[in-house]
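Reading through the structure tokens given below for one structure.
All values below were derived from every heavy atom in this structure, side-chain atoms included, with hydrogens, water molecules and symmetry-related copies excluded. Below, chain A is the first sequence line, B the second, and so on; all start at residue 1. On a predicted model such as this, the values are computed, not experimentally measured, just so you know.
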Amino acid sequence: MAAARPAVVSNTAALRRDEDYLDLVASLIEEFAHSEDLQASMDAALARIAEALDADAAVMFLLDGDFDADGTRLICRSCVGPLDVLGLELPAQASVPGRVLKHNQAERVADTAIDPDFVAPQTLGIDYDIRSLICAPLGHRDERYGVIEILNPREPARRFSARDEEALSAMAAAAGFAIRNTRLTQELLAQNRLRQELELAAAVQRNLLPAAADPEAPVQGLNRPARGVSGDFFDVLPLPDGRVAFALADVSGKGMNAALIMVKAATLFRSMAKRVHEPGLLLSRIEAELCETMAFGMFVTMVVGVHDPKTHAVRIANAGHLPPLKRDADGRFEEFPALDPPLGIQCRLERNRYREQTFSIEGGCLYLYTDGVSEARGSAGDMLGVDGLKALIDANACQPPGARLAAIAGALGDDVRDDVTLLVIEDSVATAERQAARLRPPRKRRDAAQLVAQSIPAEASQLKVVRRLVEAAAREAGASVEWAQDLVLAVDEACQNIIRHGYGATRRDAAAPEAGVGETITQAIGETLGQTLAAPFGASFSRSVGRSLGGTIGQTLGRTVDGVLDGALAPFAGSAAGRRATDGDRIEVSIRRNGDGLEVELVDYAPCVNPDRCQGRALDDVKPGGLGTFFMHALTDLVQFRPPPTGAGNRLVLTKKLIGEPAPPPSPVRKSRRGAASSARLTPNTKGHKNRSGKG
Amino acid sequence: MSFRISDNAGTSTVFLSGEIDLERSPAARKTLLDTLARKQALVVDLGGVTYIDSSGIASLVEAYQKARTSNLGFTLAEVGPPVMRVLSLARLDKVFPITPGASHPA
């Protein structure tokens, strides 16, 4: 071994000038920086140090642990010269190196014979006489890695000088820096390796979880680990007889240990559930196996169960896990708290098996979840809780199971500190109901006639939503495209009135220009409009305004023209189109079947409208909403204000009959220019449509 | 949401499209009036309009008024069934100059 180590080159003069050792320190630092082999660099450095300082021998000891800890030792990692102590171990705190490390400062021992801490090599069975030495700490700032010692000046007459001590300190510092860098690099590599191992473990775990099922499959699970590896798992195992075994578990603790136990629990379930179909027995078998390897203090909460789609029965055993949550066909929830403690607690169980619960989920669903779900915190720091989970389940009840779980997990947000695991078992009746409901528009329970019930913000941008709702309801009612278009326009206009004249009334009154646009209309248009508008407006509003059409018909018509155009322009008054609903400005839209037609009810919370005034103003004071109100009346059979519900402002009901509504006729309006004369005769109800139907 | 305009020898064609409702009528109205302000005869191509309500009709009426007072041409073109239905319901199909089919004035 000694032959392999670099020998001290003899006859080299000791350092004469300060620059000499500074040059050496610089070259050592450079060498360490480019070194890929710390040991080789250390060996080479030690040889150069011994040479530069004209020492007979040099040794490097490194600590094998924390200097202050009991039992830490200094181990010789490199040596040059005649003293071969490679691998020699010394107690870290004993002898001169221990003293140097303790004070973290180099020392020069001119005469070892009088140093009380000095341990002579001979006492260790090594035949080498150390007369004097310099020992310098290897370290970086407060970190201590070991020491470098130079032993005995080669010229027996020479003594190690203070400058030699200073030089060794500087060289040791350079070596300490190199050691630190190497260690950091190694730590990084180790971390990287650990990370790769974790990624591998996470991949292994993901493979243990059932592959993403058909989104419509009745039993579905979801697992979203908070870190790379998870302490949660779920599994779904179809049994040959048509039943489905399932499991969900949460291992106490986090990280790798929990993940390994999870892997074992998952493996045990997968292998045993094929043979053992009794949940209570299955759990006790899994526990027996788990306890063999589980560290003290770890435990696993776990629910296993079997669902029989034919009988709608679920049979579960629950080892200390959060209560499974049943939601029945009527949306009522029931919880099934655990009857026995978690796996790993090793308490004595009656009949050596976990107790079971059996119940029906006919028409409903059973949800299993981990505390990562119920203890998820919202943006305000509030915990979701079981009630919050119930609300999320309710909100997503119409979704297929897979999408439902994803929606619930998504609602928990991204800032989830714990693993999120969910499992749903949907009964076949519930599946059928849900799929059937998806083919129908949403309806309220106990009201089969209800087609739509939705609350819409009272703003222009939401009108398209209203139109889609009306369109869907009309189609559901079996109406033709054109019948639907008519109702859509009527309801749209009614909602516009609410937005502009109900909620927007205050602003509009303050801002609307009152000057009639009619004043700017040329006489020619006025006359044309007057003639063409006379018929629909006369018919539409004759009930309320017939008397106004008396002797002053010319004058009235003139005002009507102005008024209609002005009213038609009213949308722009007070920037109603651009206004956004303030909080609480909403329109409750509900659409019901009503005998042979549809009834669209619009409830708002705006100040009350005087119904008489609303209709009566059309001719006498048509400024707001003239054309829109006309459309409402023209396109429906009945426009009615009814007493509003408590707390609401207005309730407007539009009714349109479906009588005579046949299969969609070809659109007649292409001919409307030619047919204008005939249409002018019609009262502006659905007859216009019947006319089209007749043509078709 | 803006509307496409094509200029050709003193005549501008504004292509209204989609749903001209309370939300989008202000943009349509502004486009029409701005075009007339450039002293361009106006063709309003309604071929792409799938829905129009009273506020959309009002925009057309106002533009027509402005064209008349400015002695500029004003024509509706490509009036599809949904729009014609509403125009005729308001009895405005006889008021507006409507070009059958072609989107350029005769």
Side-chain angles (χ1 to χ4, degrees), chain A residues 459-464 467 482 485-486 488-489 492-493 495-496 499-500 517 520-522 524-525 528-529 531-537 564-572 575-578 625-631 634-635 667-673 675-677 679-680 684 688 692, chain B residues 1 18-30 32-33 36 46-47 49-72 74 76-101:
Chain A
E459 47 184 274
S461 64
Q462 298 297 311
L463 288 170
K464 58 175 95 66
R467 295 198 294 270
E482 273 136 354
Q485 284 172 351
D486 288 354
V488 163
L489 182 56
D492 187 333
E493 299 292 351
C495 289
Q496 288 187 41
I499 293 171
R500 285 167 18 214
V517 183
T520 65
I521 307 178
T522 62
I525 296 182
T528 316
L529 277 175
Q531 287 156 16
T532 47
L533 288 166
F537 276 81
V564 165
L565 282 178
D566 200 12
L569 299 174
F572 308 110
S575 302
L627 192 55
T629 306
F630 165 64
F631 284 166
L635 295 169
S667 176
V669 288
R670 288 186 197 92
K671 305 169 188 165
S672 60
R673 295 194 69 199
S679 63
R692 297 201 308 276
Chain B
M1 178 83 192
E19 300 187 312
I20 309 299
D21 67 353
L22 186 62
E23 184 184 17
R24 293 179 71 236
S25 287
R29 171 180 175 267
K30 185 172 188 310
L32 298 179
L33 295 181
L36 287 169
L46 298 162
V49 175
T50 55
Y51 176 83
I52 192 164
D53 71 353
S54 63
S55 70
I57 297 295
S59 304
L60 297 178
V61 170
E62 191 180 355
Y64 185 29
Q65 290 169 16
K66 174 100 179 280
R68 294 283 298 221
T69 53
S70 310
N71 287 319
L72 292 166
F74 183 95
L76 301 185
E78 299 289 342
V79 183
V83 179
M84 189 59 90
R85 163 81 179 133
V86 181
L87 284 179
S88 51
L89 191 70
R91 308 293 179 261
L92 290 169
D93 53 335
K94 297 292 280 180
V95 175
F96 285 115
I98 300 177
T99 311

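- Expressed to the nearest 0.5 Å, how far CG of Leu635(A) lies from CG of Leu89(B) amounts to 5.0 Å.
- Contacts of Glu493(A) classified as side-chain hydrogen bond (donor to acceptor under 3.5 Å, both in side chains), with partners at least two apart in sequence or in another chain: Ser54(B).
- In this view, Lys464(A) and Glu23(B) satisfy the salt bridge (charged side-chain N to carboxylate O under 4.0 Å, His left out) rule, not counting sequence neighbours.
- Listed here is the closest heavy atom pair of Tyr51(B) and Leu489(A): OH-CD1, 3.3 Å.
- Looking at Ile52(B), only its backbone comes within 4.5 Å of chain A, counting heavy atoms on both sides.
- In this structure, Ala460(A) and Asp21(B) approach most closely via the heavy-atom pair O-OD2, 4.4 Å.
- Most heavy-atom pairs under 4.5 Å with chain B, from the set Val488(A), Asp492(A), Leu463(A): that is Asp492(A).
- Of all heavy-atom pairs between Asp53(B) and Phe631(A), the closest is C-CE1, 4.4 Å.
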